[in-house]
Every structure is written in C-alpha cells, then in structure tokens.
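Step one of this worksheet: look at the structure below.
Count residues from 1 along the sequence. When reading the values below, keep in mind they use all heavy atoms of this one structure, side chains included, and skip hydrogens, waters and symmetry mates.
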Amino acid sequence: MAFRSILFCITESLRGFRRENRANVAITFALATLPIIGCVGAAVDYSHANEVKAALQAALDSTALMLAKDAATLSDNELQTKATSYFNALFTKEEAQNIVVHATYTSTGGSTVQVNGSVDVPTDFLGIIGYNDITVDGSSTTKWGSSRLRVALVLDNTGSMADSGKMTALKTATKSLLTQLQSAASTNGDVYVSIIPFNKDVNVGSTNYNGDWIDWSDWDSTNGRNQNTTTCNSSGSHGHGHSGSSHCTTTTQWVPDDHDTWNGCITDRDKTQVPGTSVDYDQSAQNPDSSLTDSLFPAEQFSSCPVAMMGLNYNWTAMNSLVDTMQPDGNTNQPVGLVWGWQSLVGGGPLVAPLMSTDYQYQKIIILLSDGLNTQDRWYSSQSQVDNRMYDSSGNGTCANIKADGITIYTIQVNTGHDPTWTLLKNCASSSDKFFLVTSASGISDVFSSIGSNLTKLRVAK
C-alpha cells in the first residue's frame with residue numbers, strides 16, 4: 001500500500017509537468033520534486049528500519065531463550081551483563097546506533113525472562129526534512145515453570161528385583177531422575193516428588209500407629225496372645241472350725257499386641273463402594289473417614305514389609321537416602337502401589353498434598369515401574385484376579401480411575417526374562433507412548449532420563 005501511494009505521487013507529478021507549457025514550469029517542477037524525493041526517501045528509510053527491526057527482534061528472542069538457562073541463579077547486574085553480551089553477539093546491524101538492551105527476571109507465577117531493546121537507525125533521505133534517525137524497538141519473553149510438577153514414583157521392591165542387577169539399576173536410575181527433577185525447579189515447590197516402594201503391601205511408617213485412618217480389625221485378630229485369667233470364689237467357713245471350699249475358674253482371652261509394635265505395613269482397602277459412587281475403596285483415593293470402617297486403611301504385620309514411603313516433598317537428600325535403603329522382597333501387587341501413588345498426589349491418611357496456587361498450572365504424574373506380573377493382594381493369589389482390580393476387560397479399575405482424575409500415568413515393564421509384553425501395563429499407561437519395555441537392567445536409566453526430559457521441558461511463550 002505504501003509503495004502504490006508513492007508510485008501514484010510520482011505519476012501524478014509527472015503528468016502535471018507534461019501538461020504545463022508556461023515559462024515558470026521549470027521552477028515549479030523543481031519545487032515539486034521535493035515532495036517526490038520525500039515520498040521515495042521515506043519509503044527507502046522506513047524499509048531499512050523494518051529490516052533492522054526484524055534483526056533486532058530475532059536477537060531479542062534468542063537472548064531471552066539463552067538467559068532462561070541460568071537466570072534464576074544470576075543477580076540483576078549479572079543478568080543485565082549477560083543479556084548485553086548475548087545480544088551484541090547476535091545483532092549484526094553495524095549501522096544501528098544507541099543500542100539499549102534491558103533484561104528482567106521474575107519468579108511470580110512461574111519463571112519469566114523479559115528482554116526489551118531499542119536502536120536508532122540513521123536515515124539517508126529523511127534527514128532533508130529534519131529526521132536524522134528512526135527508533136525501532138522490540139520485546140521478547142521466555143516463560144518456564146508456570147506448569148508445576150507433582151510426580152509420584154511407584155517402584156517395584158519385590159523379590160524378583162534382586163535378579164539381573166535390577167534393584168541396583170533402579171536405585172541409580174531413580175537418583176538420576178531426582179537430580180533431573182531438582183534441576184528443573186527454579187524455586188522450592190516448583191517440583192514435588194513422592195516415592196512409593198511396594199511389593200504385596202506398602203509401608204506408611206510405623207510411627208503413624210495413632211492415626212485415626214487405620215483399620216486395626218484384622219491386625220488385632222492376628223497379632224497378640226492368649227492370656228489366661230483365673231478367678232476363685234470361696235463358699236465361706238462352716239461350723240466346727242472347717243473352712244469353706246473354693247471354686248476357681250480359668251478363662252482365656254485374646255489380647256492384641258500394642259499398636260506401637262506394628263511395622264507400618266498397609267494392605268488393600270475394602271472392596272466396598274464409596275458412598276454415592278460406583279467405585280470401590282481399594283480402587284480409589286477417597287479420603288478415609290474415621291466413622292466408616294470400610295474407608296480406613298487396613299494395617300498388616302507383613303513380614304516382608306518394604307521401606308516406608310515418602311509423600312510429596314522437595315527434600316532431595318532425604319529422597320536419595322530412602323532410595324538407598326530399598327531392598328527386594330515379597331510378592332507383586334501393583335494396584336496397592338498405584339493407589340498410594342495416587343493418594344500421595346491428592347492427600348489422605350498420612351500423606352498431605354501441598355496446596356496448589358492459582359498462579360500455576362499443575363501436572364500430576366505417576367511413574368509405575370515393575371518387573372513382574374501381579375501375584376498376590378489382600379484377597380487373591382491369582383494373577384488374573386489381581387489384574388482385574390487394576391484394569392479389567394471393560395476398562396475399569398484403579399488405572400482408569402486415576403486417569404479420570406486428570407493424572408498422567410507412565411508405566412515401565414522391566415523384562416529381562418524375555419517374557420511377553422504385559423498388556424495390563426500398556427493399557428494402564430495414559431497413552432501408547434507412555435508405556436516403555438525395558439529388556440535389560442541398564443535400560444531403566446535410559447527410560448527414566450527420557451521421561452525426566454519430557455517432564456522438565458521449557459515452555460516458551462512470546
């Protein structure tokens with residue numbers, strides 16, 4: 001549109017010149033050339049300024065992205081120095097003058113780097129009418145961490161993990177993943193992680209024995225001793241100095257052990273429906289209600305109790321220490337591990353989920369790793385029956401309920417024995433690209449690294 005206006009301006013001036021035949025036409029034409037030159041000159045200068053502006057914007061975009069790598073660790077002066085250095089290396093328009101670059105970093109509602117810049121572009125023609133330069137400016141914003149992560153690591157601690165170096169590899173891979181997640185956090189609270197070791201049961205910590213969310217019914221009936229109590233009744237004394245006879249009765253009473261002797265193990269909740277729903281308690285993360293026994297978590301003195309879980313936190317040292325204590329033992333019950341991974345993300349019982357701020361979006365993730373088929377839960381020692389509690393042929397069960405709650409599930413099958421791919425774990429994953437088949441212990445680290453990279457990816461907005 002600007003070019004057509006200029007062309008029209010020139011054409012009309014030339015037509016007028018051709019029609020004129022008076023003596024002063026040369027003088028008139030000379031004067032008329034000034035606006036013509038102004039029109040052409042403005043087009044040339046503004047075209048050049050736009051070219052510089054495009055280069056300016058590209059340099060600002062790249063500078064903002066480069067600053068995002070370590071902006072959280074820099075002082076204001078260091079951030080400004082780096083911004084200037086990056087920009088000068090990227091912006092190659094030598095004719096530009098009075099270059100100004102200003103960078104800011106904020107961590108409110110996620111981490112943000114904003115870089116503003118301006119330059120003066122000297123003019124070639126507009127100087128005739130008093131405009132010696134044109135100022136162009138631009139701005140670029142890089143945002144990351146506006147989506148906070150809450151990740152539950154549900155890790156198989158069953159006896160078979162002792163084979164082929166799998167437990168050692170799992171510990172190494174888990175600690176590397178924790179390092180990735182820690183590095184992705186600009187501030188405390190950007191990334192929370194829970195660790196849920198499981199076999200047939202999970203361990204919620206024996207120090208929680210006073211919790212009103214525990215169902216002690218089965219534990220009390222199997223942990224204790226018979227205690228005999230003898231009571232005697234005397235019939236009193238009779239005449240002639242003879243004392244009366246005594247009648248003694250011995251009763252046996254079952255006395256449960258003190259709850260402080262509990263080892264912290266919890267088994268599956270009851271297979272009864274949560275009121276008002278079609279979901280069973282053992283397949284839900286419904287908060288327990290001390291007045292409803294079915295909703296409570298059943299204590300069990302399981303001899304192969306795994307190490308105690310850890311709820312959502314960012315104490316990276318403590319999490320690494322927990323991983324070091326994991327030991328392989330016991331049978332496989334993936335559903336109980338899954339449901340406690342879910343419980344850790346929403347809270348309930350001994351686990352507290354930190355409050356979520358409206359300044360952020362939250363991604364809730366469960367990563368389930370297992371090396372064996374389900375073998376035992378609270379009720380069954382049949383793989384198919386345990387599987388059906390987790391995900392049945394109709395698409396119902398714990399996995400479906402978790403996904404319906406907006407939680408993404410990654411599943412990892414560690415298959416060093418060349419067994420068939422487990423359809424159960426494939427179906428449990430949120431999508432086909434979130435199921436991983438690992439055929440060697442060393443492959444665990446590669447998969448964890450891949451998942452970690454996906455979770456911590458920068459989100460860029462302009």
Side-chain angles (χ1 to χ4, degrees), residues 151-158 194 196-202 215 266-288 292 294-298 300 309 330-349 351 364-415 419-437:
V151 182
L153 304 181
V154 181
L155 306 177
D156 190 329
N157 275 215
T158 59
S194 62
I196 315 295
F198 74 92
N199 47 34
K200 185 183 79 70
D201 285 12
V202 294
D215 176 9
I266 290 287
T267 187
D268 308 86
R269 280 205 278 190
D270 285 343
K271 293 187 295 180
T272 55
Q273 288 187 351
V274 177
T277 76
S278 59
V279 177
D280 291 349
Y281 277 110
D282 73 305
Q283 299 172 326
S284 81
Q286 177 71 26
N287 279 335
L292 297 174
D294 289 348
S295 73
L296 304 181
F297 301 109
E300 183 176 40
M309 67 176 65
N331 290 333
T332 305
N333 181 10
Q334 294 165 10
V336 78
L338 265 177
V339 80
W340 275 95
W342 182 13
Q343 200 81 57
S344 74
L345 296 176
V346 300
L351 303 178
K364 297 178 182 178
I365 311 292
I366 291 177
I367 302 174
L368 167 65
L369 178 142
S370 185
D371 80 322
L373 302 173
N374 286 311
T375 53
Q376 185 182 11
D377 64 9
R378 179 182 175 186
W379 309 278
Y380 309 115
S381 295
S382 160
Q383 177 200 331
S384 61
Q385 289 176 303
V386 181
D387 285 355
N388 283 338
R389 303 307 299 169
M390 182 169 163
Y391 202 90
D392 65 22
S393 58
S394 300
N396 299 313
T398 303
C399 294
N401 297 337
I402 291 172
K403 288 183 278 191
D405 199 26
I407 296 170
T408 301
I409 304 176
Y410 290 81
T411 59
I412 304 162
Q413 174 190 353
V414 183
N415 182 2
D419 296 321
T421 300
W422 304 332
T423 303
L424 176 68
L425 285 184
K426 289 187 68 175
N427 290 338
C428 186
S430 290
S431 56
S432 59
D433 62 329
K434 291 177 175 57
F435 167 74
F436 298 86
L437 176 63

Nearest heavy-atom contact between W422 and D371 is CH2-C, 3.1 Å

Distance col, row L155:CG vs I367:CD1, nearest 0.5 angstrom, shows 8.5 Å

Those residues at least two apart in sequence (or on a different chain) that pass salt bridge (Lys or Arg N to Asp or Glu O under 4.0 Å) with K364 are none

Hits for side chain to side chain donor-acceptor pair (under 3.5 Å) against Y380, two or more places apart or cross-chain, chain-then-number order -> K271

d(T332 OG1, L373 CG) to nearest 0.5 Å is 8.0 Å

For D270 and T272, what are the C-alpha separation, side-chain angles and deciding distance, and is it a side chain to side chain donor-acceptor pair (under 3.5 Å)? CA-CA 5 Å; D270 285 343; T272 55; 4.8 Å; no

Rounding to 0.5 Å, atoms CG (N401) and CD (Q286) come to a distance of 11.5 Å

Residue set satisfying side-chain contact (heavy atoms from CB on, under 4.5 Å) with N287, at least two apart, ordered chain then number -> Q343

When rounded to the nearest 0.5 Å, the distance separating OG1 of T158 from CG of N199 is 7.0 Å

With sequence neighbours left out, the residues meeting ring-ring contact (aromatic ring centres under 6.0 Å, His included) with W340 are F297

Between K200 and E300, does any side-chain N to carboxylate O distance fall below 4.0 Å? yes

The side-chain contact (heavy atoms from CB on, under 4.5 Å) partners of A400 (sequence neighbours excluded) come to Y391

In D268, N396, D280, the residue satisfying side chain to side chain donor-acceptor pair (under 3.5 Å) with R389 is D280

| query | Taking the side chain as C-beta and beyond, is there a heavy-atom pair between T375 and V386 under 4.5 Å? | reply | no

TODO: Please check if the side chain of K434 supplies one atom and the backbone of C428 the other of a donor-acceptor pair under 3.5 Å.
DONE: no

Only residue of T408, I407, V151, I196 satisfying side chain to side chain contact (heavy atoms under 4.5 Å, CB included) with I366 is I407

| said: Contact between M309 and P197 at the side-chain level, heavy atoms closer than 4.5 Å - yes or no? | reply: yes

Note: A285 and R269 closest approach over all heavy atoms is C-NH2, 3.9 Å

Here the gap from N374 atom CG to N333 atom CG, rounded to the nearest 0.5 Å, amounts to 6.5 Å

*Should R378 and D201 be marked as a salt bridge (Lys or Arg N to Asp or Glu O under 4.0 Å) after you check the CA-CA gap, both sets of side-chain angles, and the distance that decides it?*
CA-CA 9 Å; R378 179 182 175 186; D201 285 12; over 6 Å; no

Smallest heavy-atom separation, G341 atom then A152 atom, equals O-CB, 3.6 Å

Heavy-atom distance under 4.5 Å between the side chains of L338 and F198, does that happen here? no

Heavy-atom closest pair (P288 atom, L296 atom, distance to 0.1 Å) is CB-CD2, 4.1 Å

Looking only at heavy atoms, the pair that brings V279 and S284 closest together is CG1-CB, 3.7 Å

Residues at least two apart in sequence or cross-chain that pass side chain to side chain donor-acceptor pair (under 3.5 Å) with S370, listed by chain then number, are D156, Q334

With heavy-atom distances below 4.5 Å as the criterion, would you say the side chains of D282 and P335 are in contact?
no

Closest non-hydrogen contact found for Q283 with N388 is NE2-O, 4.1 Å

One should read off an interatomic distance between S432 OG and K426 NZ, to the nearest 0.5 angstrom, of 7.5 Å

Less than 4.5 Å apart, any side-chain heavy atom of L368 and any of Y410?
-> no

Determine whether I409 and T411 make a side-chain contact, defined as any pair of heavy atoms from C-beta on separated by less than 4.5 Å.
yes

